[in-house]
Amino acid sequence: MNRRPTLLAALALTATAALTLSACGSDDDSSAKDNDKIAGADTGGEESPSPSASAPASADRPKIELPSDVTYKFEWEKTGDPAKDAVLSDAEQRIKAVDMAIAEQDPLHEAYRFYSEGVAAAGSQKYIQEFVDHEARTTGVTRYYNESLTIRDDGTAALVYCEDQSKAFNKFLKTGKTDVTPVTKNAYVIYAGTLRKNKSGVWVTERLTSQRGSAKCQP
């Protein structure tokens, strides 16, 4: 099995992160072949803070607990704007929550559903189910960078970011074997998401699209 976020053509970007999103929230890409992995890898920068440190305390947030071999490097910079920093923090927690659901082999895990709704949650469920079906999980270090964030007049947030998957792989549960795949341009993925602040003060992801091999994300 290859890790494969959704490959979507309907992704348009501008310098101000204005987006055209398709009506899809899936994290699964059945067409990608090379180094297919949901969440990125590592080329420098410091590891992100723990969930307890980075997540605002405005809601009873789920505790994110991952295997020791699943780590991240978020190069998202603090903006100094409380709303934007909260969006980035909750987007980070959603990413980690999906990998926790994969590690625990639970397609309906409450943690990722805490940070996502609608088509984004449905897409994550389908994506996690693929790992469950293949009795596999993620391993390695992931990297997120080149973020662009806009909070629109309607209160929603548009977030675009890159993911480097070159040092993260599939690990099969029965054998413990890690499927180390070669690095190609498809190891670099661009994401575009729409988030909305819910009544509990959490920025939930409502829509999420991705495209492999993006020139914007190449090293």
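Atom OG1 of Thr205 is separated from atom CG of Leu159 by 8.0 Å, given to the nearest 0.5 angstrom. Considering CG of Leu173 and CZ of Phe131, their distance stands at 10.5 Å, rounded to 0.5 Å. Separating the SG atom in Cys217 from the NZ atom in Lys185 is a distance of 13.0 Å, to the nearest 0.5 Å. Considering OG of Ser89 and CZ of Arg94, their distance stands at 13.0 Å, rounded to 0.5 Å. Between atom OG1 of residue Thr142 and atom OH of residue Tyr72 there is a gap of 5.5 Å, rounded to the nearest 0.5 Å. With values rounded to the nearest 0.5 angstrom, Leu149 atom CG is found 5.0 Å from Leu88 atom CG.
Inter-residue side-chain proximity for Val87 and Trp203 is flagged as met; some heavy-atom pair is nearer than 4.5 Å. Looking only at side-chain heavy atoms (C-beta outward), Ile95 and Tyr161 come within less than 4.5 Å of each other. Taking the side chain as every heavy atom from C-beta outward, Val119 and Glu206 never approach each other to under 4.5 Å.
Heavy atoms of other residues, nucleotides or ligands lying less than 6.0 angstrom from CG of Asp154 number more than 12.
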With side-chain contact (heavy atoms from CB on, under 4.5 Å) as the test, would you mind laying out the steps for Lys84 and Lys78 before giving the verdict? CA-CA 8 Å; Lys84 288 185 175 181; Lys78 293 289 185 180; over 6 Å; no
Assess the residue pair Val98 and Ile128 against the criterion (side-chain contact (heavy atoms from CB on, under 4.5 Å)); give the C-alpha distance rounded to whole Å, side-chain angles, the decisive distance to 0.1 Å, and a yes or no. CA-CA 7 Å; Val98 169; Ile128 296 161; 4.2 Å; yes
Audit row: Tyr191, Thr209, side-chain contact (heavy atoms from CB on, under 4.5 Å) steps and yes/no: CA-CA 6 Å; Tyr191 290 84; Thr209 66; over 6 Å; no
Stepwise side-chain contact (heavy atoms from CB on, under 4.5 Å) test for Phe169 and Asp179: CA-CA 6 Å; Phe169 309 100; Asp179 183 20; 5.5 Å; no
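Counting only distance, with no hydrogens or angles, the side chain of Thr184 and the backbone of Asn186 share a donor-acceptor pair below 3.5 Å. Judged by distance alone, the side chain of Arg113 and the main-chain N or O of Leu108 form a donor-acceptor pair under 3.5 Å. A donor-acceptor contact shorter than 3.5 Å links the side chain of Glu147 to the backbone of Glu77. Looking only at distances, no side-chain donor or acceptor of Ser200 sits under 3.5 Å from a matching main-chain atom of Val202.
Residues passing the side-chain hydrogen bond (donor to acceptor under 3.5 Å, both in side chains) test with Glu104, sequence neighbours excluded: His109. Under the side-chain hydrogen bond (donor to acceptor under 3.5 Å, both in side chains) criterion, Thr79 pairs with Asp85, sequence neighbours left out.
Shortest non-hydrogen contact noted between Gly176 and Lys171 is O-CE, 3.6 Å. Of all non-hydrogen atoms in Asp90 and Gly201, the two that sit nearest each other are OD2-O, 4.3 Å. The minimum heavy-atom distance between Phe114 and Asp60, with the atom names listed, is CE1-O, 3.6 Å. Nearest heavy-atom pair across Pro107 and Gln125 is O-CG, 3.4 Å. Between Thr194 and Arg152, the closest heavy-atom pair is CG2-NH1, 3.8 Å. Between Arg137 and Ile102, the closest heavy-atom pair is CA-CG2, 3.5 Å.
We find that Lys96 and Glu92 are joined by a salt bridge, their nearest charged nitrogen and carboxylate oxygen being less than 4.0 Å apart.
There is no side-chain donor-acceptor pair under 3.5 Å between Tyr188 and Gln165. Counted by atom type alone, Asp99 and Tyr112 present zero donor-acceptor pairs between their side chains at under 3.5 Å. When only modelled atom types and interatomic distance are considered, Glu163 and Tyr144 share a side-chain donor-acceptor pair under 3.5 Å.
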